[in-house]
> 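I am attaching a structure below and will ask some questions about it afterwards.
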There are 4 protein chains.
Amino acid sequence: MNKNTQIPISKTFHFPVQIYYEDTDFSGVVYHPNFLKYFERAREHVISADNLKKLWDQHSLGFAVYKTEMTCQEGVEFADVIDVRTHFYIESKFRTVWLQEIWRPNGLKPAVTAKIEMISMNKDRQLMQMPNMLIEQFNQLIL
Amino acid sequence: MNKNTQIPISKTFHFPVQIYYEDTDFSGVVYHPNFLKYFERAREHVISADNLKKLWDQHSLGFAVYKTEMTCQEGVEFADVIDVRTHFYIESKFRTVWLQEIWRPNGLKPAVTAKIEMISMNKDRQLMQMPNMLIEQFNQLIL
Amino acid sequence: MNKNTQIPISKTFHFPVQIYYEDTDFSGVVYHPNFLKYFERAREHVISADNLKKLWDQHSLGFAVYKTEMTCQEGVEFADVIDVRTHFYIESKFRTVWLQEIWRPNGLKPAVTAKIEMISMNKDRQLMQMPNMLIEQFNQLIL
Amino acid sequence: MNKNTQIPISKTFHFPVQIYYEDTDFSGVVYHPNFLKYFERAREHVISADNLKKLWDQHSLGFAVYKTEMTCQEGVEFADVIDVRTHFYIESKFRTVWLQEIWRPNGLKPAVTAKIEMISMNKDRQLMQMPNMLIEQFNQLIL
């Protein structure tokens, strides 16, 4: 994905999510806003929850979702263990872009695809540059 | 409810909740932890969200659920508009007890009943007395 | 919004949503996937939950979110009562497009904007034309 | 736990849950209804999601929560990886009782304890005996 861009992009991260009762609705499949939850869990694993906590507690820096585009091609069912695949790139000192997909077991194409733009902000929700240390960490993950 | 106690108890508050897709799971009825959400929404309306916000911002006081007992007698379905009925009493300067029920449209008995004990604490999650002003407000609501 | 299209578009629907504890996360504002919930609640009120239930039970027809684009410009806080504003148009017998916004109290611009494409499908998640009766109902709502 | 009963009780199952943004509210800790979600995830892992799906699809049997008692002793925080500990016993052919606890990393006592009674029912929500095969499976897990 994102093959046409010149911006260097990270390797692919894989994150499994099991689908429980809580994830479905009475139509029998996953309730669509929950996909945004799984994408966020996967991003938290790329950055690491401990890092996120440290950035918040020590640097007063948090990430906020600025834009999401999501396409749902196929329903995801109870008891599925999905594979959330994540790529990302750094767009600026304030902004990262995440290309994420949900694959069902034995799926031939992604069930859900998304592009999610994150911005970094302080606790008063003002834009705030990511610290260099974080950008270096991100760069370690980029091909 | 709670007819045997000598402790004065509030009047009954009614709060309607419409059941949406998000509330159900693939078994076709409301996913049970959501009942605790509706009970909390109803409690927030008794106290008022503005009061809760003021208590948090100005007094650093919040409420935490300490104990819940809940019995689910009947499934609640998509598109139902339920009536959440709430009574409460003050047990101490730290603790209020809430007796709450969920009634389906045309129900002959409650679909769900609960007893929920709330404690008041500061932002560091230490027990903290409710301010007298709040206790007086609560007493206004008690028969 | 959508001023350039020639496709007739519905009037604006307003739907209030109060923000409770359950809606926020530890950053202090609404957790972003919840916005998709509020948009769906608002769409359910345009169509009516009873109609949705009838379409499902009698016509085996449901709606699924196919695409969402959402931009979050501003955080939404605990105790806010937001105004969810909804327009929609019919793109085909299978597809409706919903333009939705979230306005905070006294907001000068929307806090969140979204474009959401819905498709109609049967219980086996195969595309299924909306019945004429439904399209006529929708047309009643269109200017 | 449950040391005084003569009813044979299962071994202890351990299930880890990582706490994400979605789990917390603006007070900074886990929103209490979510504990019931974690307890259910843990129960689903004891029974196995595949078994649950098979029971539903082939035997039309599901489990419903009938009663919950929960005590929240301590707040659980973002980035915690909690240990959900689960015991259960069979009370009748219709009913199982689950004793569950949440332990924080390095916790000296459980942060949350619960007793949850489940009943088995068919798709019309009528009581239905658990099949012998399932009871035998449960008995395999009991000391």
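This is a predicted model, so every value here is computed, not measured. Per chain, numbering begins at 1; letters A, B, ... match sequence-line order.
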> In this structure, are over 12 heavy atoms from other groups packed under 6.0 Å from B:Lys11 atom NZ?
no
> Heavy-atom pairs under 4.5 Å with chain D: which of B:Ile119, B:Thr68, B:Ile116 has the most?
B:Thr68
> Nearest 0.5 Å, please: how far is CE in D:Met70 from CE in B:Met70?
8.0 Å
> Give the interface residues of residues 28-41 of chain D toward chain B, defined by a heavy-atom separation under 4.5 Å.
D:Val29, D:Tyr31, D:His32, D:Pro33, D:Leu36, D:Lys37, D:Glu40
> Nearest 0.5 Å please: distance from the NZ atom of B:Lys123 over to the OG atom of D:Ser27.
10.5 Å
> Does B:Lys53 NZ have over 12 foreign heavy atoms under 6.0 Å away?
yes
> I need the contact set between residues 56-67 of chain D and chain B: heavy-atom distance under 4.5 Å, sorted by residue number.
D:Trp56, D:Val65, D:Tyr66, D:Lys67
